[in-house]
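Read through the structure below, which is laid out as structure tokens, and then see the notes.
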Amino acid sequence: MKSKIHYTKPSITELEVSYATDAARNGWGEKCYEYIHKFEEKFKEFTGAKFAIATSSCTGALHMGLAALSVQAGDEVILAETNWIASASPVTYLCAKPIFVDVLEDTWCIDPAKVEAAITPRTKAIIAVHIYGNVCDMDKLLAIGEKYGIPVIEDAAEAIGSHWHGKHAGTVGKFGTFSFHGTKTLTTGEGGMFITNDPVLYEKVLTFSNHGRARGQTKQFWPDEIGFKYKMSNIQAAIGYGQMERIHELVSRKREIFNYYARALTNLSGLSMNPESENTKNGYWMPTLVFDASTGITREQLQKRFSEENIDARVFFHPLSSLPMFQDCPSNKIAWDIPNRAINLPSYHEISNEELDRVIKVIESFIER
Ligand SMILES: *Cc1c(COP(=O)(O)O)cnc(C)c1O
């Protein structure tokens, strides 16, 4: 049996270990927020955001951000059908309804024309998810948001290192969220970040994030409202701080891996990979391959061949509306079709060229049939 090629694996060096050890040994009492603040500072510096709040997950960051926009029962929030469920769950926590619209054939991101068509008097927000690092058409989405007075927010969980018009993903809309789950480009094991340039929204989410206790409140243990508990621990933040010192290396390796695949594969006919649209930069969290429908290649065939080679390739996101808790929207044709002929390729930091070549060989074998 050939050695296993995992699809993701974190890159943790002595640097992260030494910070985490320091946090575990010394980061208590007066120092209990030290790494959290240092991590937030570094994150602001890297993304250019004015404000940042470290959280226990991206899901939690989205939940607090949507709550701060007063999303509530009866409201609708528009997002793409092609997504991980974490982008939709927080909408349901607030008893609002996620409205799933179709994606674009080339970016696999939300189709702005479908967003505009789905707007109703109950629409409270539009969530732009930069899927696999691919940047949404923010020009059109922002114009729609402005026209109807609806905030556009960015779930940039998969988009660290991605840019739109020179701005880091997550800093373009009303607020942005990130995930540091173990599969993401930057990891703290579990964790997330809320960023915004809006001081009022920042104060609101900061208060929410501290169980409703406002910064200026002088009475001890006095919450002014019901808040949330989605804090990151100082030990996780220490790992995140170490990862931030290596962020350029982490992102550029993702780009290097993507380009290695792309050089070998994009001149083959019958397939496409993550695009990098004009005026954008792709952080390429997850190199992804979509076979043209005309090839007849199916997800089942891909999964079978990859598992025979002991390669852990991952299925493209299922359309969210096809999950049991939502109502099917098969009219979102592109999002319902692509997963049947697509696959995510392994892309962890330490993957070797020999391993990449093994993956490429499997793909070539499909094209040559
Ligand atoms: C990973 C991911 C999330 C969830 O992040 P958690 O930190 O696990 O809550 C949310 N949205 C997208 C687009 C993701 O890829």
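Every number for a ligand or one of its atoms is a count from 1 in the order of the listing.
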Measure the acute angle between the ring planes of Y132 and W285, then classify it against the limits of 30° and 60° as parallel, tilted or perpendicular.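 Judged by the thresholds at 30° and 60°, the geometry between Y132 and W285 is parallel.
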For [atom], find the nearest protein heavy atom and state the residue, atom name and distance (0.1 Å precision).
| atom | value |
| --- | --- |
| atom 9 (O) of ligand 1 | T59 OG1, 2.5 Å |
| atom 8 (O) of ligand 1 | S179 OG, 4.0 Å |
| atom 3 (C) of ligand 1 | A86 CB, 3.6 Å |
| atom 12 (C) of ligand 1 | A157 CB, 3.3 Å |
| atom 11 (N) of ligand 1 | D155 OD2, 2.7 Å |
| atom 15 (O) of ligand 1 | E158 OE2, 2.5 Å |

CD-CD1 distance between Q243 and I247, expressed to the nearest 0.5 angstrom: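 The distance works out to 7.5 Å.
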Separation of E40 CD from M244 CE (nearest 0.5 Å):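 If I round to the nearest 0.5 Å, the distance is 11.5 Å.
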Is [X] near ligand 1, meaning one of its heavy atoms is under 4.0 Å from it?
| X | result |
| --- | --- |
| K184 | yes |
| G192 | no |
| S56 | no |

Here's a test for you: under side-chain hydrogen bond (donor to acceptor under 3.5 Å, both in side chains), which of K38, K44, H37 qualifies with E41?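 Answer after filtering K38, K44, H37: K44.
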Which pairs count as salt bridge (Lys or Arg N to Asp or Glu O under 4.0 Å) when at least one residue sits in residues 223-243, sequence neighbours excluded?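 Qualifying pairs: none.
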Suppose the criterion is salt bridge (Lys or Arg N to Asp or Glu O under 4.0 Å): which pairs have a residue in residues 129-155, not counting sequence neighbours?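 Qualifying pairs: E116-K147, D137-K140.
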Interfacing atoms of ligand 1 (cut-off 4.0 Å, heavy-atom, [X]):
| X | answer |
| --- | --- |
| S87 | 11 (N), 13 (C) |
| V129 | 13 (C) |
| G191 | 7 (O) |

Considering distance alone, does some N or O of C58 sit under 3.5 Å from an N or O of ligand 1?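 The answer is yes, given that C58 and ligand 1 share an N or O pair closer than 3.5 Å.
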Any nitrogen or oxygen of N83, main chain or side chain, under 3.5 Å from a nitrogen or oxygen of ligand 1?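 Among all N and O atoms of N83, none is under 3.5 Å from an N or O of ligand 1.
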Determine whether the aromatic ring centres of F175 and F194 lie less than 6.0 Å apart.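 F175 vs F194: aromatic centres under 6.0 Å.
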Validation row: K304, E300 side chains within 4.5 angstrom (heavy atoms):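 When only atoms from C-beta onward are counted, E300 and K304 do not touch, as no gap falls below 4.5 Å.
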Following the transitive rule for hydrophobic clusters with a side-chain heavy-atom cut-off under 4.5 Å over Ile, Leu, Val, Met, Phe, Trp and Tyr, establish whether V200 and I150 coincide in one cluster.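 No, V200 does not connect to I150 through the hydrophobic network.
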